[in-house]
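The figures here come from the full heavy-atom set of this structure, side chains too, leaving out hydrogens, waters and symmetry mates. Numbers restart at 1 for each chain; the letters A, B, ... are given by sequence-line order, proteins then strands. Please read these numbers as outputs of a predicted model, since none were measured by experiment.
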There are 2 protein chains.
Amino acid sequence: MSRILIIDDEQDILDILKYNLVKEGFEVEACNNGLKGIEIAKKYLPDVIILDVMMPETDGIEVCETLRKLPELIHTRICFLTARGEDYSQIAGLDAGADDYITKPVKPRVLISRINAITRRNEFNKQEQAESKNAFIINRERYIVEKNGETFHLPKKEFELLALLASRPDIVFERDVILEKVWGTDIVVGDRTIDVHVRKLREKLGDNHIKTVKGIGYKFEY
Amino acid sequence: MSRILIIDDEQDILDILKYNLVKEGFEVEACNNGLKGIEIAKKYLPDVIILDVMMPETDGIEVCETLRKLPELIHTRICFLTARGEDYSQIAGLDAGADDYITKPVKPRVLISRINAITRRNEFNKQEQAESKNAFIINRERYIVEKNGETFHLPKKEFELLALLASRPDIVFERDVILEKVWGTDIVVGDRTIDVHVRKLREKLGDNHIKTVKGIGYKFEY
DNA sequence: TGTTTTTCTTAAAGCAATATAAAGTTACGA
DNA sequence: TCGTAACTTTATATTGCTTTAAGAAAAACA
């Protein structure tokens with residue numbers, strides 16, 4: 001499970017966030033000071049850092065900039081904690097470093113889903129890097145797929161299907177696994193549905209990427 | 001050459017300033033009353049307004065605030081005329097939206113160089129805007145958006161929505177993220193509310209900037 | 001080769017998400 | 001306090017994605 005570091009000067013907030021994240025199964029480290037936070041980050045190498053923008057001693061923004069310069073944290077996602085109503089454009093400017101921001105007061109459920117989104121994005125990005133060598137980029141943030149500079153806007157299901165298959169190239173995904181991952185366990189759809197979506201993808205990306213493994217399922221190839 | 005409007009209740013000063021500015025090649029309009037000045041400004045659309053802070057009937061600061069709300073004067077620079085030593089008026093004046101101030105008594109040479117500085121600044125800004133292809137300026141101080149010189153007055157919610165989307169162009173914002181960031185976690189509004197605001201924005205900015213990503217949310221493109 | 005199984009293709013139905021218009025609220029300034 | 005602008009909701013239309021269905025094709029098997 002993902003490792004998370006929280007940096008906030010208010011002990012209450014630290015406690016609440018930590019409690020909720022631990023309950024959800026994350027590994028959590030907390031710290032009430034920006035400079036200490038940087039030191040911890042270096043050793044702890046968290047997947048996500050939740051960082052309060054407004055802190056009395058060290059400014060969260062500066063902390064973020066410092067963190068961003070550390071090569072060992074290249075994959076670490078930084079998420080700002082801000083009071084609501086603060087200038088978005090300002091935040092955007094600071095966004096040079098931060099990947100997301102959460103507004104206070106933080107609702108636990110929102111926090112969890114946000115962290116999940118961030119870590120998921122992280123997973124995908126790691127794959128993306130591997131994939132980019134072959135000029136096949138699946139960009140979940142922009143919700144587009146790029147192949148040799150060409151850009152494809154895929155509908156939701158097609159995108160999810162492709163993202164799944166491409167997440168492990170050459171590995172065959174069985175039909176019921178695909179159904180479960182893309183459509184979910186609760187929703188039941190016919191078996192042909194997959195075929196149709198595969199066909200749509202082949203239509204758009206060319207016939208060379210998604211191979212049929214008869215009797216089993218499909219796999220993605222470059 | 002630049003157009004200048006002078007608003008001051010003292011006829012002497014009007015005459016002196018006008019004489020010197022005309023001699024320097026400026027087009028000058030003069031007026032001895034705040035309210036009349038506002039009317040003239042609307043039609044004359046000056047590049048610079050020289051405005052006396054201390055006037056018997058209407059306060060120069062109020063006049064300035066009124067002028068600043070007029071969209072047609074978005075590019076007009078306002079320069080206060082103050083008696084020397086009035087520290088407070090300087091501060092209040094710049095708060096009210098003035099771009100510069102000149103202390104009385106006015107030395108012609110100082111006046112000219114000051115006006116030149118202001119207009120030059122203005123030119124520079126216009127150029128900058130024209131040159132940047134993505135001339136999409138989101139001005140949070142005045143709640144105004146500019147696109148290729150066109151100015152839009154957006155209501156709060158529309159502005160916040162646009163500011164959010166535009167803060168990360170091409171990135172898709174999910175509907176619940178939009179709701180959280182623009183409306184807040186505690187306030188619950190219907191899902192269609194977003195659509196309606198998007199529609200309003202598209203109506204004003206043109207259909208080309210906010211793209212729908214069906215099933216996910218919206219994104220901003222230049 | 002004939003039969004069976006599985007997948008492919010296509011069109012069309014079904015459905016969910018979004019767009020739009022209009023009416024109802026709320027907030028705000030004159 | 002009235003009138004206007006902003007905001008939200010509601011209802012309906014529309015879009016376009018998803019799914020189904022059914023025949024054709026391909027592969028597997030005997």
Side-chain angles (χ1 to χ4, degrees), chain A residues 143-145 152-165 172-184 186-219, chain B residues 35 38 58 62-63 65-66 68-71 143-145 152-165 172-184 186-220:
Chain A
Y143 224 86
I144 55 176
V145 175
F152 302 95
H153 294 251
L154 299 179
K156 201 173 170 182
K157 284 285 192 298
E158 285 171 42
F159 185 91
E160 297 292 349
L161 174 57
L162 177 63
L164 175 67
L165 295 176
V172 181
F173 285 82
E174 298 169 37
R175 298 183 83 95
D176 51 354
V177 173
I178 294 173
L179 280 177
E180 192 198 318
K181 299 268 185 190
V182 178
W183 277 267
D186 40 342
I187 296 161
V188 180
V189 295
D191 216 25
R192 293 304 103 233
T193 302
I194 300 175
D195 307 34
V196 175
H197 280 86
V198 166
R199 192 185 162 275
K200 291 260 168 71
L201 282 173
R202 294 211 255 236
E203 214 169 53
K204 288 169 186 165
L205 308 177
D207 295 356
N208 316 315
H209 293 299
I210 301 176
K211 303 280 181 191
T212 306
V213 182
K214 193 151 175 159
I216 314 292
Y218 296 92
K219 68 173 171 177
Chain B
L35 294 179
I38 293 171
T58 31
E62 281 175 35
V63 173
E65 282 168 356
T66 307
R68 267 291 167 253
K69 285 179 189 157
L70 300 174
Y143 262 70
I144 278 171
V145 174
F152 303 96
H153 265 251
L154 297 180
K156 198 172 169 185
K157 283 286 188 307
E158 284 171 44
F159 184 91
E160 297 289 355
L161 175 56
L162 177 64
L164 174 67
L165 295 176
V172 181
F173 285 80
E174 297 169 36
R175 297 182 85 96
D176 53 351
V177 173
I178 294 174
L179 281 177
E180 192 204 315
K181 302 271 185 192
V182 178
W183 278 266
D186 40 342
I187 296 163
V188 180
V189 294
D191 221 22
R192 293 304 104 235
T193 303
I194 301 176
D195 306 33
V196 174
H197 281 84
V198 166
R199 186 176 168 281
K200 291 264 167 66
L201 282 173
R202 294 211 254 236
E203 218 168 50
K204 289 169 187 166
L205 309 177
D207 295 358
N208 316 315
H209 292 299
I210 301 177
K211 303 277 183 194
T212 305
V213 182
K214 196 159 172 158
I216 312 294
Y218 295 92
K219 69 175 167 176
F220 179 88

Residue pair Val189(A)/Val188(B) against DNA chain D: nearer the 5' end by closest nucleotide is Val188(B)
4.5 Å side-chain heavy-atom contact, [X] and [Y]:
X	Y	result
Leu205(B)	Leu162(B)	yes
Asp195(B)	Arg175(B)	yes
Lys211(B)	His153(A)	no
Lys157(B)	Leu161(B)	no
Ile194(B)	His197(B)	no

Correct closest heavy-atom pair for Trp183(B) and Thr193(B) would be CZ2-CG2, 3.6 Å
Between Leu165(A) and Tyr218(A), the two heavy atoms sitting closest are CD2-O, 3.9 Å
ring-ring contact (aromatic ring centres under 6.0 Å, His included) filter on Phe220(B), not counting sequence neighbours, yields Phe136(B), His209(B), Tyr222(B)
For [X] and [N], what is the distance between atoms [atom1] and [atom2] respectively, to the nearest whole Å?
X	N	atom1	atom2	result
Asp176(A)	dT6(C)	CG	C1'	15 Å
Lys157(B)	dA5(D)	NZ	C1'	14 Å
Leu162(A)	dT18(D)	CG	C1'	17 Å
Ile194(A)	dT18(D)	CD1	P	14 Å
Glu160(A)	dC17(D)	CD	P	15 Å

Looking at [N], I'd like to know if its phosphate oxygens (OP1 or OP2) sit under 4.0 Å from a side-chain N or O belonging to [X].
X	N	value
Thr193(A)	dT20(D)	yes
Trp183(B)	dT8(D)	yes
His197(B)	dT8(D)	yes

Between Leu154(B) and the options Lys204(B), Lys200(B), Glu160(B), the side chain to side chain contact (heavy atoms under 4.5 Å, CB included) test singles out Lys204(B)
In short, the helix from dT1(C)-dA30(D) to dA30(C)-dT1(D) is bent end to end, axes from five pairs each side, to 10°, by 30°
Protein-proximity profile, nucleotides 7-17 of chain C, B/S/- by nucleotide at the 4.0 Å heavy-atom cutoff, equals BBSB------B
